[in-house]
Amino acid sequence: MSEYQQLLRSDIRAMDPYTPILPFEILSRQLNRDPADIIKLDANENPYGPAPKSRQALAELTFTHIYPDPETRLLRAALEDFTGVPADRLLTGAGADELIDLVLRALLSPGDVVLNCPPSFGMYPFSTAVNMGKVVSIPRRPDFRLDIAGIAATIQEHPAAKVLFVCSPNNPDGSLIADADLERLLALPLVVVLDEAYVEFVSGLRVENDYRPASRIHWTQEFDNLVVLRTFSKWAGLAGLRVGYGAFPTWLLPHLWKIKQPYNVNVAAEKAARAALADRPWLQDKLERLIAARHNLQQELATIAYLEPFPSQANFVLCRVTGRDALALKNRLAAEGILVRYFAKPGLENCLRISTGRPEDNDRLLAVLKQLEKSDEA
Ligand SMILES: *Cc1c(COP(=O)(O)O)cnc(C)c1O
């Protein structure tokens with residue numbers, strides 16, 4: 001142990017280490033399977049990969065020796081067209097994850113309270129801790145709906161609370177926040193960060209011939225305490241390039257510009273994201289396949305005796321496992337080259353989250369699950 005260790009921030013010294021995610025290549029070696037033979041349903045990635053125009057833009061990348069535009073002007077202009085929100089309200093980041101951190105960096109002083117509604121995305125408490133904030137949790141109801149009255153009561157208790165994170169569709173269950181609930185939250189005296197990483201997968205709300213999904217991103221023009229975050233990682237198949245964006249209140253945005261890393265979005269990510277926006281019909285076709293596959297997956301999972309799937313509007317289905325051990329089931333699937341996400345957190349006891357694959361991926365998963373059901377009966 002070095003004597004210099006005392007120089008560390010004491011809260012960071014006391015922090016638990018991050019559980020590392022194994023890179024795909026290493027997993028493939030561990031499972032003794034070719035990467036092409038692994039069905040990766042554990043991280044909500046897009047199994048169809050990036051749009052052809054994104055691939056082409058990456059193949060033709062020339063100016064990698066020149067720093068990127070710190071203001072991502074071209075991408076933000078394309079996002080204005082995509083979202084309907086003026087570019088001067090939009091900021092891009094190295095994934096939506098970076099923007100979660102950036103908002104907290106701008107707002108939090110040590111000890112400031114951030115409200116979180118678990119089970120939800122793990123980056124909210126993580127980034128709060130890194131920014132020396134204090135997480136106060138208002139657990140969701142058993143069906144994963146928000147406890148709106150509980151949130152309001154918690155603010156009575158912590159009137160100086162600064163930020164509330166909500167996610168719609170919520171990761172890991174895929175439920176939506178209703179308009180009326182969001183309005184009630186926006187009436188509270190704090191900044192509401194609405195995470196819409198999966199909003200493109202919401203079905204049934206799309207206007208014909210319009211690729212704008214059921215997003216509340218335009219609400220940011222009406223509500224001065226609303227931040228909406230979105231990403232290219234899930235629907236546009238660019239998770240590995242790290243590019244996301246958000247719409248922010250005008251009082252907050254200039255301060256985010258001041259504190260962000262100047263070159264936070266790299267040239268490859270910026271080009272590929274713009275190309276994705278220019279390839280919307282291709283992406284839309286894949287989205288529709290994934291939404292249909294999710295629907296089918298949900299119905300099929302419900303027929304399996306030991307699984308209880310929750311209704312989802314995202315590209316994954318959360319299942320409670322009954323009468324058998326979810327971790328053992330996850331490991332069994334991994335032995336077959338099928339990766340799913342296992343949870344052991346409060347509210348997610350004995351649960352698995354399964355991302356939607358292509359129909360052939362889902363079929364392979366379902367075949368293994370049904371095989372296990374048969375051997376149970378035997
Ligand atoms: C995947 C995910 C993100 C992160 O997106 P990036 O743009 O890849 O950083 C944000 N929020 C939720 C809920 C997610 O599941």
Side-chain angles (χ1 to χ4, degrees), residues 21-22 27-28 30-33 36-48 118-122 140-145 167 169-176 198 201-204 234 286-378:
I21 307 237
L22 286 181
L27 261 176
S28 119
Q30 267 186 7
L31 296 171
N32 205 10
R33 272 173 197 271
D37 193 33
I38 292 178
I39 299 182
K40 196 171 179 309
L41 306 179
D42 61 345
N44 305 337
E45 290 133 332
N46 192 322
Y48 294 104
S120 195
F121 190 43
R140 287 165 180 262
R141 300 181 184 284
D143 65 356
F144 298 103
R145 268 183 312 138
C167 186
N170 187 45
N171 181 3
D173 64 287
S175 63
L176 298 176
Y198 300 97
F201 297 96
V202 175
S203 59
K234 311 300 174 12
K286 301 300 172 289
L287 266 178
E288 268 151 30
R289 289 177 202 221
L290 287 167
I291 291 168
R294 167 190 78 212
H295 188 72
N296 186 53
L297 179 65
Q298 211 155 265
Q299 287 191 322
E300 291 290 329
L301 291 170
T303 68
I304 294 169
Y306 58 86
L307 293 179
E308 283 173 16
F310 291 92
S312 169
Q313 288 288 326
N315 62 340
F316 50 79
V317 179
L318 182 74
C319 293
R320 182 146 280 138
V321 182
T322 53
R324 61 161 70 227
D325 181 43
L327 182 58
L329 179 56
K330 176 207 128 130
N331 290 334
R332 179 65 213 277
L333 289 167
E336 303 283 339
I338 301 168
L339 308 178
V340 300
R341 178 76 191 267
Y342 165 72
F343 292 101
K345 291 190 228 166
L348 296 174
E349 292 83 3
N350 220 40
C351 282
L352 297 180
R353 189 195 63 200
I354 304 171
S355 309
T356 312
R358 299 163 298 179
E360 60 268 35
D361 305 326
N362 293 353
D363 287 348
R364 236 175 86 185
L365 165 84
L366 290 163
V368 176
L369 293 173
K370 286 178 182 171
Q371 190 57 43
L372 289 173
E373 192 177 27
K374 272 194 213 126
S375 50
D376 283 351
E377 283 161 12

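Numbers here simply count residues along the sequence, with the first being 1.
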Quick check against the 3.5 Å criterion: does R294 have a side-chain atom that pairs as donor or acceptor with the backbone of A314? yes
Polar side-chain atom of R33 near backbone of L27 as donor-acceptor pair, under 3.5 Å: no
Output for pair (I304 CD1, L369 CG), nearest 0.5 Å, gives 4.5 Å
Tell me, with the steps shown, if S355 and N44 meet side chain to side chain donor-acceptor pair (under 3.5 Å). CA-CA 5 Å; S355 309; N44 305 337; 2.7 Å; yes
Taking atom NZ of K370 and atom CG of L301, what is their separation to the nearest 0.5 Å? 9.0 Å
Check whether N350 reaches the backbone of R324 with its side chain - one donor and one acceptor, N or O, closer than 3.5 Å. yes
Locate the shortest heavy-atom distance separating A293 from G357; write the atom from each residue and the value. CB-O, 3.8 Å
Looking at every non-hydrogen atom in both residues, tell me the closest pair between A326 and L352 and how far apart they are. O-CD2, 3.6 Å
What's the spacing between I39 CD1 and D361 CG if we round to 0.5 Å? 4.5 Å
Distance col, row Y306:OH vs L372:CG, nearest 0.5 angstrom, shows 4.5 Å
A quick test of your reading: do over 12 heavy atoms of other residues, nucleotides or ligands sit less than 6.0 Å from CZ of R332? no
Thinking salt bridges, do D143 and R141 make one under a 4.0 Å N-O criterion? no
Side-chain donor/acceptor of S312 to backbone N/O of V317, under 3.5 Å: no
Verify whether the ring centers belonging to F316 and F201 lie closer than 6.0 Å. no
Please walk me through it: do R353 and N171 pass side chain to side chain donor-acceptor pair (under 3.5 Å)? CA-CA 9 Å; R353 189 195 63 200; N171 181 3; 2.8 Å; yes
Minimum heavy-atom distance P119-P346, with the two atoms named: CG-O, 3.9 Å
Counting N and O atoms only, with roles assigned by atom type, does the side chain of N362 sit under 3.5 Å from a partner on the main chain of P359, one being a donor and the other an acceptor? no
So how far is it from Q299 CD to H295 NE2, rounded to the nearest 0.5 Å? 4.0 Å
A334 backbone acceptor or donor facing E336 side chain under 3.5 Å: no
Closest non-hydrogen atom pair, Q298 against F310: OE1-O, 3.6 Å
Heavy-atom side-chain contact between L287 and N46 under 4.5 Å: no
For A305, is there any backbone N or O sitting under 3.5 Å from a side-chain donor or acceptor partner on E373? yes
Dump the intermediate steps for side chain to side chain contact (heavy atoms under 4.5 Å, CB included) on V321 and L307, then the final yes or no. CA-CA 5 Å; V321 182; L307 293 179; 3.9 Å; yes
N-O pairing of R364 and E360 below 4.0 Å: no
Under a 4.5 Å cut-off applied to non-hydrogen side-chain atoms, are R341 and K330 in contact? no
Got L297 and L365 here, is their nearest side-chain heavy-atom distance under 4.5 Å? yes
Side chains of L333 and L41: closer than 4.5 Å at any heavy-atom pair? no
Between P169 and Q313, which heavy-atom pair has the shortest distance, and what is it? CG-O, 3.6 Å
How long is the straight-line distance from CG of L290 back to OG of S203, given to the nearest 0.5 Å? 12.5 Å
Can you list the steps and then say if S175 with N170 is a side chain to side chain donor-acceptor pair (under 3.5 Å)? CA-CA 5 Å; S175 63; N170 187 45; 4.9 Å; no
